Amino acid sequence: MRIAGKGLKMDNIAALSQKLSKASVKRYSNPYLEFDWPESLSEDSWWFSPELSSLSGTALYDAMPKEQKQRLAFWELVNFFSLNIHGEKALLQGLAKRLYSHWPTEISEYLHHFLGEENKHMTLFGTFCMRYAKKVYPSKAYALNENHIQSVEDFLFFARVVIFEEFVDYYNLYMAKDERLHPLCRAINQYHHNDESRHLAFGRKITRQLFESHAGDWGDDTVNGVRRYLGDYIQATWKEYYNPWVYKDAGINDFYDTYLAAWRHESQKQLRQTISSHCFSFFVTSGILAEEPVV
Amino acid sequence: MNVYMKEQEIKTKLSAWVAGQSSGYHADSVPFDLRIIEQRIITSVQIMELILFLEHLRGEPINPMQIKPGAFSTINSIYQHFFIEGQAYA
């Protein structure tokens with residue numbers, strides 16, 4: 001069996017890992033001390049940037065009174081934090097599996113930081129959701145059993161990390177800067193973004209290296225299968241941002257039909273494409289995807 | 001509405017939904033025992049859509065972590081898992 005990582009330019013990744021480890025040590029933070037959690041939240045605040053709402057641009061959204069838009073914004077933030085929790089749970093499992101495996105020690109050292117930082121993010125998201133919403137929305141992702149060789153599994157894991165974190169980071173950065181939003185919301189988004197920039201640097205590097213090192217050996221069928229898989233994963237990742245139960249919690253009666261209409265709405269397609277463009281550019285310029293997917 | 005009618009109605013709606021996801025089937029032409037995963041009529045992305053559709057039919061959320069293996073094999077198994085044994089999935 002071919003060992004994933006054998007043909008990798010590991011010196012490059014080890015050097016980047018060392019640099020990122022130093023940055024993680026320098027920026028080490030304690031979210032338990034950094035955040036003040038109010039007893040309750042004011043209902044007349046913005047919790048999610050209106051332009052990023054999964055209903056923005058629809059006639060239904062335009063017709064909503066401000067109070068309902070703010071209520072929707074709160075539940076969209078709970079959904080955003082929930083999908084972060086589910087994404088990071090899968091991330092923690094994949095990172096832990098790769099600690100002290102077949103890669104240089106420097107990589108494991110950075111994976112420890114990566115794991116620790118992701119765990120802290122989940123603590124923040126979970127605290128917010130359970131304290132103020134009394135729930136975390138379940139993920140709708142359901143994986144069918146798929147067996148891949150080790151090199152494909154490693155590649156797909158890090159490619160998923162990049163896709164998931166690229167989308168999330170767009171929201172984090174936008175909302176951290178949005179002065180209309182409640183300070184707690186901005187602070188959590190800023191905190192997440194601060195670590196994600198390092199995680200993305202690592203994720204992009206290793207994803208590209210894994211593909212360049214192994215794609216030549218995979219054969220056309222496997223490369224095409226990998227591309228199909230990534231296309232499906234991108235669609236599934238985006239679907240999590242459209243949750244009928246969010247619309248129900250925001251007081252919308254026809255919440256399932258609203259979900260169907262929102263996903264298909266032209267302004268939402270444009271929003272998804274805009275948010276995805278940085279991520280897609282990486283995958284196309286790396287040669288991983290032949291062309292930018294339409295989402 | 002009697003139980004049998006309810007079962008027929010739900011399975012017919014599921015059949016129409018599956019047909020809508022895949023070319024080659026008309027709304028009423030997907031057999032209830034067709035192996036929809038094995039025959040790649042439904043993909044993993046479409047399962048996410050299917051879960052949302054099932055939630056819509058049931059009127060309550062489903063936690064995918066509690067779904068048993070094989071639940072999505074056929075329309076019959078979907079009905080059995082989500083509408084007969086369905087309380088376990090909420």
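Predicted model only: the values in this text are computed from it and were never measured. Letters A, B, ... are given to chains in the order of the sequence lines, protein chains preceding strands, and every chain is numbered from 1.
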* Sequence neighbours left out, what passes ring pair (Phe, Tyr, Trp, His ring centres under 6.0 Å) with A/F157? Give chain and number order. => none
* **Interface moiety of B/I47 toward chain A, non-hydrogen atoms closer than 4.5 Å** => side chain
* Structure fact -> Looking only at heavy atoms, the pair that brings B/P64 and A/P138 closest together is CD-CB, 4.2 Å
Taking 3.5 Å as the threshold, show me the donor-acceptor pairs across chain B and chain A, one per line with distances to 0.1 Å.
residue	atom	partner	partner atom	Å
B/E49	OE1	A/Y259	OH	3.1
B/E49	OE2	A/K239	NZ	2.0
B/E49	OE2	A/Y259	OH	2.7
B/E55	OE1	A/W245	NE1	2.7
B/E55	OE2	A/K140	NZ	2.4
B/I62	O	A/K140	NZ	3.3

* Segment of B/F53 engaging chain A (4.5 angstrom heavy-atom cut-off) -> both
* To do: Provide the closest heavy-atom pair for A/P244 versus B/L52 in the form atom of the first, atom of the second, distance.
  => CD-CD2, 3.6 Å
* Asked: B/L50 versus chain A, heavy atoms under 4.5 Å apart: side chain, backbone, both or neither?
  -> neither
